[in-house]
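Only one structure is covered here, and it is reproduced in the block below.
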Amino acid sequence: MERTDALKAIMEKILEYDKIVISRHIRPDGDAAGSSGGLCGLLRASFPDKTVIVCNSDRSRKMGFLSVPETSPGELPEGWFGDALAIVTDTATSDRISNPRISEAGFIIKIDHHIDTERYGDINWIEDGRASCSEMIAIFASAFPDRLKLTPEAAACLYTGIVTDTGRFRHRGVDAETFGAAAFLLGSGIDTEKIYAELYLDDISFLKYKSAVYDSIELTPNGVAYVFIPLSMRDRFGLDAESASLAVSFLESIRGSLIWIAFIENGSDDPAGAGTVRVRLRSRFLDIDAVAAKYGGGGHARAAGATLRDREEITDVLADADRLLGEFKSSNADLI
Ligand code: AMP
């Protein structure tokens, strides 16, 4: 759907419904939390007579900076979703929506910037060229200046989503429109010093974890950097799965390692089950989503993920990534 048509159709549905339920993907990152929370704040301020909630099954410790509280699907009575409009942000496929009751909703809108793999919405506004879903919500907010009221709190959620999903405006995909959206959000009077403090200050214990991860980094023959984080390591530093998984970002600035991967062992608290392994793949200059797809995962060209049955499969993923990097380097010797 073209953007102008999508924006118009989405606004029409929002005006039509009195009840709006917003969800995002499981294991929320800054963009999932920011786009859903920001949209909620935007709609609440703009339509005070409507009921607007964010409803998700899981929570993230990193969501302290977001001001919108979330409801669990189980808290809502039988039949609640029937006359509600559901808006799902930042979620490519229906199996990753953090709300198993979304299909009960009267009408579903999907707003997403991932590759267009599943159109589970009745309206699907998908732009895989946008660097974050929060940017899309900012575009939506700016398209209806007379109808929509962006509070500094909602703008802070969206700005956080943009900043985190673009690696502070560094990733490929950041373009003039991204900065336009950021400028629009900054215009609402948000306090960026506070946002950056929330995002980038660590507890000393987390620095010790970083140090342990740095110590355990390995390289394949062609330079794929990787770490394996066993449950015991999580326990040693008292970290939950999400915080431990941030390890992937510690590997991003190694010269010659154009692909880097964190393997994080899942505990019994993970839906995939104890002993399975979460894989977080990242790259620069070349695409790695095909490697994730081979193992049943997906994501973006340069930031993808998958879940392995067990740690034995790690060797296979590394062999695939190493081969890919070797081939790439053989014809791109100048890229570091
Ligand atoms: P992550 O490393 O979890 O931040 O994921 C990077 C990207 O890959 C995100 O866009 C995720 O939505 C996507 N992704 C991660 N794991 C999976 C999976 N098992 N299946 C499909 N997409 C995934």
Side-chain angles (χ1 to χ4, degrees), residues 23-36 56 58 60-63 88-99 110-120 126-136 160-168 170-174 199 213 224-229 240-252 259-266 270-273 276-284 287-310 313-314 316-317 320-321:
S23 294
R24 42 133 179 99
H25 66 72
I26 50 170
R27 288 180 176 151
D29 53 12
D31 191 28
S35 58
S36 53
N56 291 303
D58 60 353
S60 165
R61 238 164 42 89
K62 288 289 276 182
M63 286 178 60
V88 183
T89 67
D90 197 36
T91 312
T93 50
S94 51
D95 60 332
R96 288 176 56 79
I97 302 173
S98 178
N99 181 350
K110 171 183 177 179
I111 303 179
D112 188 34
H113 73 124
H114 293 91
I115 295 161
D116 182 1
T117 44
E118 186 190 337
R119 300 187 170 196
Y120 56 78
I126 303 165
E127 288 196 27
D128 64 11
R130 291 298 94 228
S132 68
C133 188
S134 296
E135 181 183 325
M136 295 175 72
T160 302
I162 293 177
V163 168
T164 53
D165 238 38
T166 59
R168 303 188 217 183
R170 283 185 305 130
H171 293 168
R172 207 176 60 133
V174 170
L199 286 177
V213 172
V224 175
Y226 65 96
V227 281
F228 173 63
I229 314 287
D240 62 18
E242 277 312 305
S243 306
S245 301
L246 295 174
V248 70
S249 65
F250 312 161
L251 312 179
E252 72 181 4
I259 298 178
W260 56 102
I261 312 175
F263 298 96
I264 304 106
E265 186 178 27
N266 287 323
D270 191 274
T276 57
V277 176
R278 178 181 183 188
V279 189
R280 306 191 76 192
L281 299 113
R282 301 290 185 269
S283 61
R284 61 178 169 273
D287 296 346
I288 34 72
D289 52 326
V291 177
K294 181 173 172 189
Y295 295 88
H300 303 284
R302 292 178 183 172
T307 302
L308 306 181
R309 281 189 306 274
D310 52 44
E313 267 193 305
I314 291 176
D316 301 335
V317 175
D320 288 334

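Counting starts at 1 for both ligands and their atoms, following the listed order. Just so you know, these numbers come straight off a predicted model, no measurement behind them.
Of the protein's non-hydrogen atoms, the one nearest atom 23 (C) of ligand 1 is G298 O, 3.5 Å. The nearest heavy-atom contact from the protein to atom 17 (C) of ligand 1 is G305 O, 3.4 Å. The protein heavy atom nearest to atom 3 (O) of ligand 1 is R278 NH2, 2.7 Å. At the shortest separation from atom 19 (N) of ligand 1 among protein heavy atoms lies A306 CA, 3.7 Å.
The two residues R309 and E313 have their closest heavy-atom pair at N-OE1, 2.9 Å. S245 approaches R280 most closely through the heavy-atom pair O-NH1, 2.8 Å. When all heavy atoms are compared, the tightest approach of P28 to D58 is CD-OD2, 3.6 Å. Scanning both residues, K110 and A92, for their nearest heavy atoms gives NZ-O, 2.9 Å. Between S35 and D90 the shortest heavy-atom distance is OG-CB, 3.9 Å.
For ligand 1 and A303, the ligand atoms under 4.0 Å from any heavy atom of the residue are 6 (C), 7 (C), 8 (O). Counting the atoms of ligand 1 from 1 in the order shown, those under 4.0 Å from a heavy atom of H300 are 10 (O). Taking every heavy atom of H114 and a limit of under 4.0 angstrom, the matching atoms of ligand 1 come to 9 (C), 10 (O), 12 (O).
Distances between N or O atoms of R280 and those of ligand 1 include at least one value under 3.5 Å. The shortest N or O to N or O distance between G296 and ligand 1 is not below 3.5 Å.
Formation of a donor-acceptor pair under 3.5 Å by the R130 side chain with backbone atoms of E127 is not found in this model. Side chain of D112 to main chain of H114: a donor-acceptor pair is present (N/O by atom type, distance under 3.5 Å, no hydrogens or angles).
Counting heavy atoms closer than 4.0 Å to ligand 1, residue R282 contributes side-chain atoms (C-beta onward) but none from N, CA, C or O.
Taking the six-membered ring where tryptophan is involved, the planes of H113 and H300 are tilted, since the angle between them lies from 30° to 60°.
Contact between H25 and ligand 1 is absent, with no heavy atom of the residue lying under 4.0 Å from the ligand. Distances shorter than 4.0 angstrom occur between a heavy atom of R96 and an atom of ligand 1.
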